[in-house]
Number of protein chains: 2
Amino acid sequence: MTSKTTTPRKHAHPAFPGPGHNHVACLSQTLDRAKSAFETRGLRLTDLRLRVFTEIAASHHAMGAYDIIERLGAKGTRLAPVSVYRAIEALTAAGVVHRLESANAYFACHAAHASQRQHIVLSCRTCRTIAEVAAEAVFDAIEDIASVHGFKADTRIVEISGLCAHCVEKASQ
Amino acid sequence: MTSKTTTPRKHAHPAFPGPGHNHVACLSQTLDRAKSAFETRGLRLTDLRLRVFTEIAASHHAMGAYDIIERLGAKGTRLAPVSVYRAIEALTAAGVVHRLESANAYFACHAAHASQRQHIVLSCRTCRTIAEVAAEAVFDAIEDIASVHGFKADTRIVEISGLCAHCVEKASQ
DNA sequence: AACCGATACGTTATAATATAACAATACCTA
DNA sequence: TAGGTATTGTTATATTATAACGTATCGGTT
C-alpha cells in the first residue's frame, strides 16, 4: 500500500483533514450540529448568525472578524463590525465557534464534541489548519497541578502551534 | 493558629504571593534575573527596556501595553506605543516577560524558570494575580496527544483562569 | 580618536481588533 | 394585537499593534 493510494481513511473526520477532504459533506454535518446546538440550548440560529457561521465553517482555519466582514461583503452584504462580533458572541455561546486566543481569530467546531469532553487546539503554522483533539490526560494534569496550588480552575486554554502530519510529511520530502 | 497570624511562609516565592508579600525584595530579584538573562544571551538591557520591564514587574498582574505607556507617562516620559512594543518584544525575546494571550497583555516572569522546564499560567479572575507554575505532566500529556496525531509541536500555550487560593478562601468566608 | 556597521530609538501615520450607546425591527406569547 | 424581549442596524469610538523612515547610540576595528 503506497502513500499515493486513495484507500479510504479510517475516520470520517480525522483531526487534520487532508487538503482534499470532502468539505461539502463536512460542512453540511457541521451546520447540522450547529442547528441542534442552538436548538437544545433554546437559542436562535438567526439568518445573520447562520451566514457568519457558514463563513467561519467554510474552512478548517481560524478567521479574523474582519475577514468575515470582507467575505460576506463580497457576497453582497456589507456588515458592520459590531454585527459580526455579536454573531460570533452568539455562536461562541452556543459552543459551535471557538476563539483562537493566540491569534485573535475564530474557528468553527467541526467535531462532535460529545458531552463535556475537553479538547486542546492544534494549529498548523504551515497550512493554518486547526484541529481540536480530545486530551483528557492534559486536563487531568492541569487539575492536578492547579489543586496542588489551591487554584480553582474555571476556563482552560490549551493552544499548540506546530506542524500537522500532512505538513511534516511534505517538509521531509 | 488562626488565619490572621503572620506566620512565615514555607516558600520565599509561592506561586501566588499574598497581597502582603514583600514585593520590594521580589522585584529586586526579578530585576537581577532579568539582567543576567540579557547578559547570558548577549542582549542589551537598555534604559528604555529597563523602565518598561520595571513597570511590568511592579506587580504580579498582566498589563496592557497602553497601561505601561500611561504609567510611564505619569512619571514624566511619554512614550510612543511603538517604543513600548519594541521594548516588550526585546523583553519577551529575553524570556523575562510573557504575553497573556487570552488578555492581550504582558506580565513579568517572577520565577527562576530554571533551565527549560515549562510552565503553565494560572490567572486569578478576582485579584488578577498571575502565577507560572511548573507542570511537566501537562506538557508530557500534550506531547503524547500531539504525537498520536502526528503533530510536531512548536509553541505551547496553557492559560488557566479561575480563583487563586487566597481568593477561594476569601470567597468562602 | 575616527570610522563604520549594527542595533536601538524617535516620530508620524495607520492598520487591525473590539465595544459603547442608542434607535429600529423582528419574534414570541399572552 | 399588544407588549415585552431579543436581535439587528447605525454611528461613533476605544483598544491593540505595526509600518515606514529618519536619527542617535553602541561597540568593535582601523
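Because only heavy atoms are used, hydrogens play no part in the values below, and waters and symmetry mates are left out as well, while side chains stay in. In what follows, chains carry the letters A, B, and so on, assigned in the order in which the sequence lines appear, proteins first and then strands, with residues in each chain numbered from 1. All figures in this text were calculated on a predicted structure; none of them were measured in a lab.
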Value in whole Å for how far the [atom2] atom of [N] lies from [atom1] of [X]:
X     : N      : atom1 : atom2 : value
A/F38 : D/dA6  : CZ    : P     : 15 Å
B/R86 : D/dA19 : CZ    : P     : 11 Å
B/L91 : C/dT7  : CG    : P     : 18 Å
B/D47 : D/dC26 : CG    : P     : 10 Å
B/I88 : D/dA17 : CD1   : C1'   : 10 Å
B/R99 : D/dT15 : CZ    : P     : 17 Å
B/L48 : D/dA24 : CG    : P     : 17 Å

Ranking D/dT18, D/dC21, C/dA18 by distance to the side chain of A/N104, first place goes to C/dA18

Among D/dT7, D/dA17, C/dT17, find the nucleotide with the atom closest to the side chain of A/Y85. C/dT17

Just to be sure I understand the geometry, which residues of residues 59-83 of chain B put a non-hydrogen atom under 4.0 Å away from DNA chain D? B/Y66, B/V82

Ignoring hydrogens and angles, state whether a donor on the side chain of A/T30 or A/R33 is under 3.5 Å from an acceptor on the partner side chain. yes

Answer yes if the side chains of A/H119 and A/H98 hold a donor-acceptor pair under 3.5 Å, and no otherwise. no

Below 4.0 angstrom from OP1 or OP2 of [N], is there any side-chain N or O of [X]?
X      : N      : result
A/Y106 : C/dA18 : yes
A/T46  : D/dT8  : yes
B/R49  : C/dT7  : no

Is B/E159 reaching over with its side chain to a backbone N or O of B/S102, donor-acceptor style, under 3.5 angstrom? yes

Please check: side-chain N/O of B/T54 versus main-chain N/O of B/L50, any donor-acceptor pairing under 3.5 Å? yes

Gap separating the NE2 atom of B/H110 from the CD1 atom of B/I130, nearest 0.5 angstrom: 9.5 Å

Less than 3.5 Å between a donor and an acceptor, one on the side chain of B/R44 and one on the base of D/dG27, is that the case here? no

Are A/I56 and A/I69 linked, directly or through other ILVMFWY residues, by side chains that come within less than 4.5 angstrom of each other? yes

Taking C-beta and beyond as the side chain, do A/T126 and A/C164 meet within less than 4.5 Å on heavy atoms? no

